[in-house]
Participant: 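There's a structure below that I have some questions on.
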2 protein chains.
Amino acid sequence: MTSITSVTRAPRLSDEVARQLTAAIRSGEFAPGARLPSEKELAERFEVSRMVVREAMSRLKSDELIDTRQGLGAFVAAEPGRGLFRLEPDPAIAKDLHDIFQLRVAVEGAAAGLAAVRANRRELAMMRACLREMKVSVAGREDDIEADNRFHATIAQASRNPYFDRFLTFLGANLHGAIAKARSNTAARHPRSVLAVQAEHEAVFAAIERRDAPAAEAAMRSHLSAAMERLGLGPFTGARL
Amino acid sequence: MTSITSVTRAPRLSDEVARQLTAAIRSGEFAPGARLPSEKELAERFEVSRMVVREAMSRLKSDELIDTRQGLGAFVAAEPGRGLFRLEPDPAIAKDLHDIFQLRVAVEGAAAGLAAVRANRRELAMMRACLREMKVSVAGREDDIEADNRFHATIAQASRNPYFDRFLTFLGANLHGAIAKARSNTAARHPRSVLAVQAEHEAVFAAIERRDAPAAEAAMRSHLSAAMERLGLGPFTGARL
DNA sequence: GCTGACCGGTTATCATACAAGTGGGAAAGC
DNA sequence: GCTTTCCCACTTGTATGATAACCGGTCAGC
């Protein structure tokens with residue numbers, strides 16, 4: 001047995017039905033406001049039980065692609081996909097990774113600017129603690145991703161805008177896996193870049209601490225843009241603040 | 001019959017079950033990786049049929065909150081909610097509206113900066129056309145929301161980053177309803193503010209046309225921040241670029 | 001012309017049954 | 001005692017059929 005690989009598990013029927021219906025709606029085959037065929041009819045067309053169709057519809061409902069009313073039928077939502085922002089599970093393509101990271105740079109930069117205005121003593125103390133912790137690690141020639149993430153998360157919270165916080169957490173969760181992979185490819189970080197990261201972090205914090213919003217935003221963008229380059233994603237190429 | 005109001009339609013059972021399960025997972029009652037009770041057990045606990053539970057689970061699956069495997073059970077995802085960013089259907093609260101709009105300011109500002117670098121001739125022509133169209137409307141003392149939206153959408157596309165584009169479309173869809181309501185409250189726009197809007201748009205376009213990214217970003221932020229104030233949402237309070 | 005009961009079709013829910021996958025433990029073999 | 005095999009309980013996936021609630025239109029009755 002030489003070329004064994006993971007077997008392809010049979011996909012669930014409801015997944016497949018949901019996929020096809022979603023595609024049909026997104027492609028405009030069913031226009032907004034149009035009525036979908038009845039569950040019975042769809043069940044016959046897909047050659048599955050009505051339950052499978054119902055489960056698929058249930059998912060479309062939670063994605064706000066359709067709207068159902070008892071006795072009437074299922075209708076394509078006026079704005080299909082509103083209220084929902086999705087990212088593909090694992091952005092393997094470097095271009096996508098670059099684009100998502102770019103979005104993060106913009107948002108987290110603005111978050112740092114807000115944090116400079118709004119951060120309270122507790123949050124400043126937290127950032128300071130993270131910096132200290134990372135500094136210790138730098139001395140030991142390794143990086144402390146844990147403290148790094150905490151530092152960024154604290155800034156997001158200090159923006160006092162829960163939507164910034166939530167969106168950055170969301171982007172982070174989607175980037176972390178890909179970043180870890182990219183990092184393992186480019187071998188371990190050089191001690192030099194560890195030092196650079198530390199300096200960048202300190203620049204961000206210094207600006208926040210002295211309540212200098214533009215400087216904080218610029219420092220954060222500069223830091224993240226440098227991080228992009230370290231990961232081999234190319235520069236930010238946005239506005240140089 | 002004085003105080004008649006729209007009746008509260010009985011919520012679907014599967015909605016309610018999905019809501020409670022989602023809350024339980026988000027609150028950490030079921031930790032990541034933990035196994036949920038079986039469908040049978042949940043059905044008994046909620047006093048509904050197994051079908052209802054299955055439909056609810058189906059939605060949690062599509063939200064990537066849980067993962068099910070035949071014969072084993074349902075498990076909370078390692079990172080619940082990763083890959084999905086949701087906004088509440090109708091952010092009625094002014095604070096939320098302000099926060100979401102603030103996020104838009106940050107992202108669309110950056111998009112304008114990117115557009116200044118990357119916009120091609122076709123996109124510049126499109127922006128110019130929108131400006132002309134709005135100018136005509138200004139002369140007639142009314143605003144052209146259609147052309148306004150198209151102008152902003154073109155800038156988002158010109159950023160050449162599909163994630164900026166998609167995210168701004170997403171935010172726009174969620175804000176439009178609330179904005180329309182806020183606008184009807186503050187009566188019709190004054191002719192003065194219509195003129196101001198036109199001037200702001202032209203400033204944004206001028207910066208993009210001369211490939212001045214920082215100026216484009218600043219102009220867009222200034223424009224959107226002014227829009228926030230016109231809607232009674234307060235200023236942006238971010239970094240002044 | 002208007003009202004109101006009725007009807008066919010649709011979704012929502014329930015109950016039950018069977019198929020298929022999983023893991024553990026009983027039972028058999030050594 | 002140890003290993004291997006097989007069986008069984010449990011779980012999710014799918015199918016079927018039935019009932020309730022709901023909706024829009026129809027049509028008899030007035």
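Protein chains get the first letters and strands the later ones, always in sequence-line order, with residue 1 at the start of each. What you are looking at is a predicted structure, and each value in this text was computed from that prediction instead of being measured.
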Participant: Where is the tightest heavy-atom contact between B/Gln20 and B/Phe46, given as atom of each residue plus distance?
Facilitator: OE1-CE2, 3.5 Å
Participant: Donor-acceptor pair, distance only, cut-off 3.5 Å: does the side chain of A/Thr22 make one with the backbone of A/Ala18?
Facilitator: yes
Participant: Would B/Met57 and B/Ile66 count as a side chain to side chain contact (heavy atoms under 4.5 Å, CB included) if you check the C-alpha gap in whole Å, the side-chain angles of each, and the deciding distance to 0.1 Å?
Facilitator: CA-CA 8 Å; B/Met57 306 263 273; B/Ile66 65 172; 4.1 Å; yes
Participant: Among residues 49-58 of chain A, which contact DNA chain C at a heavy-atom distance under 4.0 Å?
Facilitator: A/Arg50, A/Arg54
Participant: Round to a whole Å and report the spacing from CD of B/Glu44 to C1' of C/dC14.
Facilitator: 14 Å
Participant: Among the nucleotides C/dC14, C/dT11, D/dT12, which one has an atom lying closest to any side-chain atom of B/Thr68?
Facilitator: D/dT12
Participant: Output yes when B/Arg12 and B/Glu55 qualify as a salt bridge under the 4.0 Å nitrogen-oxygen rule, no when they do not.
Facilitator: no
Participant: Assuming nearest nucleotide by heavy-atom distance, tell me which of A/Val48 and A/Gly71 is located more 5' along DNA chain D.
Facilitator: A/Val48
Participant: Return the minimal non-hydrogen interatomic distance between A/Val197 and A/His223, and the atom names on each side.
Facilitator: CG1-CE1, 4.2 Å
Participant: Just wondering, more than 12 heavy atoms not from B/Glu146 lying within 6.0 Å of its CD?
Facilitator: no
Participant: Could you give the distance from CD (B/Glu108) to CZ (B/Phe101), rounded to the nearest 0.5 Å?
Facilitator: 8.5 Å
Participant: Looking at DNA chain C, which of residues 30-40 of chain A put a heavy atom within less than 4.0 Å of it?
Facilitator: A/Arg35, A/Ser38, A/Glu39
Participant: Quick check against the 3.5 Å criterion: does A/Arg118 have a side-chain atom that pairs as donor or acceptor with the backbone of A/Ser159?
Facilitator: yes
Participant: In whole Å, what is the span from the CZ atom of A/Phe75 to the P atom of D/dC22?
Facilitator: 17 Å
Participant: Can you tell me how far C1' of C/dG21 sits from CG of B/Asp67, to the nearest Å?
Facilitator: 15 Å
Participant: Any side-chain N or O of A/Arg69 under 4.0 Å from OP1/OP2 of C/dT11?
Facilitator: no
Participant: Nearest to the side chain of B/Gln70, which nucleotide is it out of D/dG13, C/dT13, D/dT14?
Facilitator: D/dG13
Participant: How bent is the helix from C/dG1-D/dC30 to C/dC30-D/dG1, measuring the angle between the end axes built from five pairs each, rounded to 10°?
Facilitator: 20°
Participant: Counting only side-chain heavy atoms from C-beta out, which of D/dG13, C/dT13, D/dA15 sits nearest to A/Arg12?
Facilitator: D/dG13
Participant: Within the 4.5 Å heavy-atom criterion, are A/His152 and A/Leu224 side-chain neighbours or not?
Facilitator: yes
Participant: How long is the line joining CG of B/Leu42 and P of D/dC10, in whole Å?
Facilitator: 17 Å
Participant: Hey, which of these two, A/Leu72 or A/Leu13, hits DNA chain D nearer its 5' end, going by closest nucleotide?
Facilitator: A/Leu13
Participant: Could you walk me through whether B/Leu87 and B/Ile100 satisfy the side chain to side chain contact (heavy atoms under 4.5 Å, CB included) test, starting with their C-alpha distance in whole Å, then the side-chain angles of each, then the deciding distance to 0.1 Å, before giving a yes or no?
Facilitator: CA-CA 9 Å; B/Leu87 252 41; B/Ile100 296 174; 4.1 Å; yes
Participant: In plain terms, say whether A/Arg59 and A/Asp15 are close enough for a salt bridge, that is, a side-chain N and a carboxylate O under 4.0 Å apart.
Facilitator: yes
